[in-house]
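None of these values were measured; they are calculated from a predicted model. Chain identifiers are assigned alphabetically (A, B, ...) following the order of the sequence lines, protein sequences preceding nucleic acid strands; residue numbering begins at 1 within each chain. Atom set for the values below is all heavy atoms of this structure, side chains included, hydrogens, waters and symmetry mates excluded.
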2 protein chains.
Amino acid sequence: MDEPTPTESPDGRLIRLVRQLTVESDRFAEMLGEAHDMHRTDLNALVVIMDAERRGQPISPSQLARSLHLSASATTALLDRLEAIGHVNRGRSTTDRRRIELAMPDRARELGRHFFAPLAAEYARVWSRFSPEQRAVITEFLTATIEATVTVRGGISAESRNGPPAG
Amino acid sequence: MDEPTPTESPDGRLIRLVRQLTVESDRFAEMLGEAHDMHRTDLNALVVIMDAERRGQPISPSQLARSLHLSASATTALLDRLEAIGHVNRGRSTTDRRRIELAMPDRARELGRHFFAPLAAEYARVWSRFSPEQRAVITEFLTATIEATVTVRGGISAESRNGPPAG
DNA sequence: TCGTATATTTCGAGCATCGAACTATATTGG
DNA sequence: CCAATATAGTTCGATGCTCGAAATATACGA
């Protein structure tokens with residue numbers, strides 16, 4: 001169990017833990033990419049492509065670019081890399097010949113699932129202790145925290161347009 | 001309140017939310033860096049340096065390198081960038097002349113605090129609804145999730161050393 | 001004392017990302 | 001109907017972060 005530090009406020013403690021979770025998750029993804037000779041962005045792209053496939057809505061390069069906040073040309077290079085190692089196939093859309101649809105070969109899909117299965121299993125193990133009531137609290141917390149992050153993020157765009165604050 | 005999707009397991013739902021939190025936080029940090037003309041790594045470095053200062057234990061370039069998982073030379077370049085925009089000062093340690101100690105000018109420290117204050121305020125606002133009992137559940141959840149992530153991460157190193165699994 | 005280790009920087013090279021320019025295709029408006 | 005405009009994706013040259021090797025300065029250990 002995490003121990004509060006002597007001068008830490010209750011909110012400060014939660015902030016510290018949320019931050020630590022994002023830092024550790026960040027490092028997890030980084031190491032996963034390194035272990036499979038993929039740049040971090042490559043791994044992020046695979047996740048996005050896999051999710052789109054799972055939803056039955058194959059994604060295009062421009063959608064991927066928007067999702068990853070990359071330029072079109074950087075996305076082209078990224079897809080070149082992924083295609084070169086057999087993780088993605090490009091196919092011309094049948095409904096709009098300007099569009100490309102991204103698909104994953106079976107083997108890549110299996111490999112992608114394998115990437116994340118150990119973490120899901122370990123999460124299931126440590127989370128088995130939480131009751132449905134506790135899960136509801138956790139869900140509410142996560143949802144609120146996500147929304148708060150998104151809200152403040154909107155303020156960054158507005159702030160940067162108006163210039164930095166006075167020192 | 002987040003709604004469960006029809007085919008989602010309770011664990012699957014929490015996994016989705018945790019992942020969304022890390023994605024949104026990631027994007028938050030990215031935008032913060034962009035808003036202040038700093039590369040993502042630069043911002044990460046500032047956080048590490050600020051934390052070290054707050055603990056009264058100024059950090060050295062090699063400690064920073066270890067913390068950020070960068071090479072020594074990449075860290076030098078990073079510090080060059082931060083020094084150039086006045087966010088960091090290098091000072092030779094008085095106890096070991098090989099070492100450099102990193103310090104932040106007052107203005108940079110204030111600016112750094114300003115970066116994160118809006119998010120802390122919004123978190124405090126949305127978290128005010130949680131009772132001490134609920135916070136204990138949340139704390140336990142976050143701690144367990146962090147530890148699970150770190151545990152599985154250890155397995156990645158071992159796995160990559162033994163090569164990837166059979167398809 | 002001297003070999004070894006540690007700390008940091010410099011240097012040249014690799015690689016992800018960018019914007020501009022380009023080609024192909026679809027849409028819109030007169 | 002057709003020209004103008006918009007959209008989709010790639011190529012190209014340039015930028016900037018990161019790396020490993022090499023170098024210099026300092027500390028440690030036998």
Side-chain angles (χ1 to χ4, degrees), chain A residues 26-27 29-49 52 57-85 87-103, chain B residues 26-27 29-49 52 57-85 87-103:
Chain A
D26 209 48
R27 181 67 189 135
E30 208 168 77
M31 285 180 70
L32 199 55
E34 279 164 19
H36 296 277
D37 287 314
M38 280 195 285
H39 191 264
R40 178 67 190 286
T41 319
D42 296 9
L43 195 63
N44 290 345
L46 278 181
V47 171
V48 172
I49 295 167
Q57 299 172 324
I59 198 169
S60 70
S62 46
Q63 286 170 320
L64 181 63
R66 274 195 296 276
S67 195
L68 298 176
H69 305 282
L70 289 179
S71 70
S73 51
T75 308
T76 296
L78 163 69
L79 290 170
D80 287 348
R81 296 196 298 271
L82 290 181
E83 209 173 15
I85 59 176
H87 279 18
V88 164
N89 288 329
R90 284 169 162 112
R92 189 61 63 176
S93 163
T94 51
T95 56
D96 180 345
R97 289 166 57 82
R98 293 172 301 180
R99 280 175 56 95
I100 292 193
E101 278 172 357
L102 305 173
Chain B
D26 209 47
R27 180 70 189 132
E30 209 170 73
M31 286 181 70
L32 198 55
E34 279 165 19
H36 296 278
D37 288 311
M38 279 195 286
H39 191 265
R40 178 69 187 286
T41 319
D42 297 9
L43 195 63
N44 290 346
L46 278 182
V47 171
V48 173
I49 295 167
Q57 299 170 323
I59 198 169
S60 70
S62 46
Q63 286 170 321
L64 181 64
R66 273 195 297 276
S67 196
L68 299 175
H69 304 281
L70 288 179
S71 69
S73 51
T75 308
T76 296
L78 163 70
L79 291 170
D80 287 348
R81 295 197 295 273
L82 290 182
E83 208 172 16
I85 60 177
H87 279 18
V88 164
N89 289 329
R90 284 167 161 114
R92 190 60 63 174
S93 163
T94 51
T95 55
D96 180 347
R97 289 165 57 81
R98 295 172 302 179
R99 280 175 54 97
I100 292 195
E101 279 174 359
L102 304 173

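Annotation: proximity of residues 40-47 of chain B to DNA chain C (heavy atom, distance under 4.0 Å) is found for no residue. A heavy atom closer than 4.0 Å to some atom of DNA chain D occurs in Ser73(A), Thr76(A), these being the qualifying members of residues 73-83 of chain A.
As a whole-Å value, the separation of Arg97(B) CZ from dC28(D) P is 13 Å. Here the C1' atom of nucleotide dT10(D) and the CZ atom of Arg92(A) are 10 Å apart, to the nearest Å. Regarding Glu30(A), its CD atom lies at a distance of 17 Å from the P atom of dC17(D), rounded to whole Å. With rounding to whole Å, His69(B) atom NE2 is found 15 Å from dG20(D) atom P. To the nearest angstrom, C1' of dA8(D) lies 10 Å from CZ of Arg66(A). One atom, NE2 of His39(A), and another, P of dT18(D), lie 9 Å apart when rounded to the nearest Å. The CG-P distance, from Leu64(A) to dT10(D), rounds to 11 Å in whole Å.
Applying the side-chain hydrogen bond (donor to acceptor under 3.5 Å, both in side chains) criterion to Glu30(B), with sequence neighbours excluded, gives Arg27(B).
In this model, the phosphate group of dT10(D) is approached by a side-chain N or O of Arg90(A) to a distance below 4.0 Å at OP1 or OP2.
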| Between Leu70(A) and Leu64(A), does a side chain to side chain contact (heavy atoms under 4.5 Å, CB included) hold up when you go through it step by step? | CA-CA 8 Å; Leu70(A) 289 179; Leu64(A) 181 63; over 6 Å; no
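Here the side chain of Arg92(B) pairs no donor or acceptor atom with the backbone of Glu101(B) at under 3.5 angstrom.
Counting only heavy atoms from C-beta outward, the side chains of Arg90(B) and Asp80(B) approach each other to under 4.5 Å. Side-chain atoms of Asp26(B) and Arg40(B), non-hydrogen and from C-beta on, do get closer than 4.5 Å to each other. With a 4.5 Å cut-off on side-chain heavy atoms, Leu78(A) and Leu68(A) count as touching. Taking 4.5 Å as the limit, every side-chain heavy atom of Ile100(A) sits out of range of all side-chain heavy atoms of Leu79(A). Counting only heavy atoms from C-beta outward, the side chains of Met38(A) and Leu82(A) approach each other to under 4.5 Å.
Atom CG in Leu43(A) sits 8.5 Å away from atom NE2 in His36(A) (nearest 0.5 Å). Summarising the geometry, atom CZ belonging to Arg99(A) is positioned 10.0 Å from atom OG1 belonging to Thr94(A); distances are rounded to the nearest 0.5 Å.
When DNA chain C is scanned in the 5' to 3' direction for atoms under 4.0 Å from non-hydrogen atoms of chain A, the outermost contacting nucleotides are dA16(C) to dA26(C).
Using a 4.0 Å cut-off between charged nitrogen and carboxylate oxygen, Asp37(A) and Arg81(A) do not count as a salt-bridge pair.
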Tabulate atom names and distances for all N/O pairs under 3.5 angstrom spanning the protein and nucleotides 1-6 of chain D.
none

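For Arg97(A), the CZ atom is loosely surrounded, since the number of other residues' heavy atoms within 6.0 Å does not exceed 12.
Applying the salt bridge (Lys or Arg N to Asp or Glu O under 4.0 Å) test to pairs two or more places apart or on separate chains, none has a residue in residues 57-75 of chain A.
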